[in-house]
Amino acid sequence: MTISKIDPNFKYEVAAEPGGEEIKYCFACGTCTAACPVRAIDERYNPRKIIRMILLGLRERVLDADFIWLCSTCYSCEERCPQGVSFAEIITAVKNIAAREGKLHPAYVTQLELLKKFGRLYELEEFDNKKRAKMGLPELKTTCDEVGKLLGDQ
Amino acid sequence: MENKYALFLGCTIPLRGRHYEKSAVEVARLFGAELEPQQDFACCGFPIKSATREGTLLLAARNLAVAEEAGLEVLALCASCASVLAEAAEELADDGLLKKVNEKLAKVGRKVERPPRVRHFARWLYDEVGPEGIKEKVVAPLGDFRFAVHYGCHYLKPSWAFHDVEDPEAPHSIGDLLRATGAEVVDYAEYKKCCGGALLGIDEELSLRIAGEKLTRVKAAAPDAVVLVCPFCAVMYDDNQGKVAAQLEEELGVPVLFLPQVLGLALGLSVKDVQLKLAKNKCEKLIAAFAQEK
């Protein structure tokens, strides 16, 4: 790692994202990491290490890493942090920055496309509505174009 | 108790959680409440938070606007929908943010004036009916049954979005409701842990390992079923239990139920009313106990 690869402003960039504000309060106690159900079984994902990487300005290495997509969004880290830092929100902020730089994980590219098309993650077909009706459940609209309009530029 | 609520189904339930929906609607009806899906509800926004937090807020706000137009409070069956809608309702208390969001919502002719109250169905049941209210109406006590509760994550977290109504470090509400039927609620290790569902589309192998850890613990406690309050936890524990077992190279055989299915049977609903047979990993013991009577 050469000094030219370090971006000392990365922490401010993350802090400027909604949800990223508190990153500078982290004192690296590692409670988030101890609480993390993903870290418990997969060493690739290490919240404390990711925070340190952000604070040290390792911008490219963080934004290019596969591990940033491994948060299960359980919020255990946020609930247990003694400093009121939400790592769940910080990693979301990081992923949002990566997305804006064209590095969005392909799974989310697909999900965005599905939502724009159907308004839901899964296509609801007439077949499903028939099953619903049989069960005494109301039929539902199969699409919602408002979602596509709202996400048009995302 | 208000009589009518906007029932938020989200993406998963209309296709893969109809037994959850049906049993919840029937249980609510027993207590004089009507749960009405809104035709204009769509995705809650949760699935794309990693891609765009702003997009998530817009989708959530749009759904809140739909409920507000109908003049109804929101009850969600999916825990992730409940949490993201509750978060949005809290965030939109900020007038500056509300104004910005409304500018975007205007594109689709929607507006949030004052976000409606959002609760998870199980929270509503606990608040408005409570274990005592359930107990009074039990007609088929479940004293012969033992259940493991999986609270999941977003029924309680982030706790600020739910006004810290229950400590996520010591959850009890679902267990309290189940015990009101006479059933035993079993303790098991790691009972608060995540199902891994949010990672299914990102890293299936990892996501199944997270689910496997939990299902192994549940199996060790040997309950008659694990009881859920989220359709995506069911995608992991029921729909994908076969894959999890294959990964673990061991038999699991853990029956999976949703809370209102269990409560409904105890309250006199039929096997059909609660769609007991729709799960992949059926609770044969409950089916056997109730099938012949109805």
Side-chain angles (χ1 to χ4, degrees), chain A residues 17-19 37-38 40-42 44-45 66 68-76 78-80 86 88-89 91-93 95-96 99-100 104-105 107-112 115 118-125 128-129 131-132 135-138 140-141 143-147 149-152 154, chain B residues 9-12 14-16 18-19 21-22 25 36-37 39-43 46-55 57-59 62 80 83 91 104-105 107-110 152-154 156-160 168-169 190 192-199 201-203 206-207 209-210 213 275:
Chain A
E17 290 286 312
V38 180
I41 61 169
D42 193 325
R44 286 178 298 165
Y45 192 68
D66 290 341
I68 61 173
W69 305 100
L70 298 181
C71 170
S72 75
T73 68
C74 77
Y75 292 97
S76 297
E78 171 177 323
E79 296 293 337
R80 293 185 187 170
S86 170
E89 294 290 354
I91 200 69
T92 300
K95 287 182 284 187
N96 279 201
R100 288 200 297 271
L104 183 60
H105 190 286
Y108 295 115
V109 175
T110 307
Q111 292 190 351
L112 278 168
L115 286 186
F118 303 119
R120 292 190 189 88
L121 275 187
Y122 312 107
E123 183 179 9
L124 185 80
E125 298 175 278
D128 300 299
N129 265 329
K131 279 190 171 176
R132 293 179 57 80
M135 220 182 255
L137 296 172
L140 300 171
K141 272 196 206 168
T143 55
C144 175
D145 60 359
E146 289 177 38
V147 170
K149 285 177 191 159
L150 285 174
L151 295 178
Q154 305 284 350
Chain B
L9 296 171
C11 300
T12 309
L15 284 90
R16 300 170 87 168
R18 288 188 295 268
H19 44 328
E21 178 183 355
K22 176 70 175 169
V25 167
E36 190 181 80
Q39 286 299 330
D40 287 332
F41 275 160
C43 176
F46 176 82
I48 54 164
K49 201 170 177 185
S50 293
T52 162
R53 206 176 189 281
E54 188 198 352
L57 180 60
L58 287 178
L59 295 198
R62 189 197 150 275
S80 298
S83 79
E91 287 178 5
K104 303 244 167 145
L105 288 182
K107 270 204 287 199
V108 293
R110 303 279 177 194
C153 301
H154 304 146
L156 299 165
K157 299 180 282 185
S159 55
W160 63 265
E169 300 293 355
E190 311 276 19
K192 290 177 285 186
K193 266 200 180 165
C194 175
C195 73
L199 294 174
I202 301 291
D203 187 332
L206 172 59
S207 144
R209 269 200 288 150
I210 296 174
E213 191 191 26
Q275 292 289 324

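The chains referred to below are lettered A, B, ... by the order of the sequence lines, with proteins before strands, and numbering in each begins at 1.
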Salt-bridge test for B:Lys104 and B:Glu54: reply yes if a basic N is under 4.0 Å from a carboxylate O, no otherwise.
-> yes
Going through the checks in order, is the salt bridge (charged side-chain N to carboxylate O under 4.0 Å, His left out) test met by A:Glu89 and B:Lys49?
-> CA-CA 10 Å; A:Glu89 294 290 354; B:Lys49 201 170 177 185; 3.5 Å; yes
Salt-bridge criterion met for A:Asp66 and A:Arg44 (N-O under 4.0 Å) = no
Between B:Ile210 and A:Ile41, the two heavy atoms sitting closest are CG1-CD1, 3.4 Å
Under 4.5 Å from a heavy atom of chain A, the part of B:Arg62 involved = side chain
Measure B:Pro37 against the heavy atoms of chain A and call it side chain, backbone, both or neither at under 4.5 Å.
-> side chain
Can you find a pair of side-chain heavy atoms, one from A:Glu17 and one from A:Thr92, that are under 4.5 Å apart?
-> no
Against chain A, label B:Ser83 side chain, backbone, both or neither, depending on which of its atoms sit under 4.5 Å from a heavy atom there.
-> neither
Sub-3.5 Å donor-acceptor pair from the side chain of B:Lys192 to the main-chain atoms of B:Gly152, do we have one?
-> no
Before giving the answer on salt bridge (charged side-chain N to carboxylate O under 4.0 Å, His left out), spell out for B:Lys107 and A:Glu146 the whole-Å C-alpha distance, their side-chain angles and the decisive distance to 0.1 Å.
-> CA-CA 9 Å; B:Lys107 270 204 287 199; A:Glu146 289 177 38; over 6 Å; no
Find the distance between OG (B:Ser50) and OH (A:Tyr108) and round it off to the nearest 0.5 Å.
-> 3.5 Å
What option among A:His105, A:Glu79, A:Arg120 has the most heavy-atom pairs under 4.5 Å with chain B?
-> A:Glu79
Name the region of A:Leu121, side chain, backbone, both or neither, that has any atom closer than 4.5 Å to a heavy atom of chain B.
-> both
Most chain B-contacting option - heavy-atom pairs closer than 4.5 Å, from A:Thr73, A:Thr143, A:Val38 | A:Thr73
Contacting region of B:Gln275 [heavy-atom separation from chain A under 4.5 Å] = side chain
What part of A:Ala93 lies closer than 4.5 angstrom to a heavy atom of chain B: side chain, backbone, both or neither?
-> neither
With a 4.5 Å cut-off on heavy-atom pairs, point out which of B:Leu156, B:Leu59, B:Leu9 contacts chain A the most.
-> B:Leu59
Between A:Gln111, A:Glu125, A:Lys131, the one whose heavy-atom pairs under 4.5 Å with chain B are most numerous = A:Lys131
Cut-off 4.5 Å, heavy atoms of chain B, and the answer for A:Pro138 is side chain
Side chain, backbone, both or neither: which part of A:Arg100 has a non-hydrogen atom closer than 4.5 Å to chain B?
-> neither
Straight-line distance of A:Ser72 OG to B:Asp203 CG, nearest 0.5 Å | 12.0 Å
Can you say whether B:Phe46 sits under 4.5 Å from chain A via the side chain, the backbone, both, or neither, judging by heavy atoms?
-> side chain
Roughly how far apart are A:Lys95 NZ and B:Thr52 OG1, rounded to 0.5 Å?
-> 12.5 Å
So which part of B:Leu199 gets closer than 4.5 Å to some heavy atom of chain A, the side chain, the backbone, both or neither?
-> side chain
At a heavy-atom separation under 4.5 Å, does A:Leu70 approach chain B through its side chain, its backbone, both, or neither?
-> both
Which atoms of B:Leu105 come close to chain A, meaning under 4.5 Å heavy atom to heavy atom: side chain ones, backbone ones, both, or neither?
-> both
Let me know if A:Cys144 has heavy atoms under 4.5 Å from chain B in its side chain, its backbone, both or neither.
-> side chain
Any chance you could measure B:Cys194, atom SG, to A:Tyr75, atom OH, to the nearest 0.5 Å?
-> 11.5 Å
Could you tell me which portion of A:Leu140 (side chain, backbone, both or neither) has an atom closer than 4.5 angstrom to a non-hydrogen atom of chain B?
-> both
Region of A:Ser76 that comes under 4.5 Å of a non-hydrogen atom in chain B | both
Atom group of A:Glu78 that falls short of 4.5 Å from chain B, counting heavy atoms | side chain
If you round to the nearest 0.5 Å, how far is NE2 of B:His19 from CE of A:Met135?
-> 8.5 Å
So which part of B:Pro47 gets closer than 4.5 Å to some heavy atom of chain A, the side chain, the backbone, both or neither?
-> both
Interface residue of largest heavy-atom contact number with chain A, from B:Glu91, B:Arg18, B:Lys22, under 4.5 Å | B:Arg18
Heavy-atom donor-acceptor pair, A:Asp128 side chain to B:Leu15 backbone, under 3.5 Å = no
Where does B:Glu213 contact chain A at under 4.5 Å (heavy atoms): side chain, backbone, both or neither?
-> side chain
So how far is it from A:Leu104 CG to A:Leu112 CG, rounded to the nearest 0.5 Å?
-> 6.5 Å
Between the side chain of A:Asp42 and the main-chain N/O of B:Leu206, is any donor-acceptor distance below 3.5 Å?
-> no
Per-residue tally against chain A (heavy atom, under 4.5 Å) across B:Gly10, B:Ser159, B:Ser80, B:Gly109 peaks at B:Ser159
Could you look at A:Leu137 and say if it's the side chain, the backbone, both or neither that has a heavy atom under 4.5 Å from chain B?
-> side chain
Contact origin within B:Glu169 toward chain A - heavy atom pairs under 4.5 Å = side chain
Is B:Lys193 salt-bridged to B:Glu190, going by a charged N under 4.0 Å from an acidic O?
-> yes
Heavy-atom distances under 4.5 Å only: say whether A:Glu123 touches chain B with side chain, backbone, both or neither.
-> backbone
Residue part contacting chain A, namely of B:Lys157, when any heavy atom lies under 4.5 Å | both
Answer key: most heavy-atom pairs under 4.5 Å with chain A among B:Ala198, B:Pro168, B:Cys11, B:Ala42 is B:Cys11
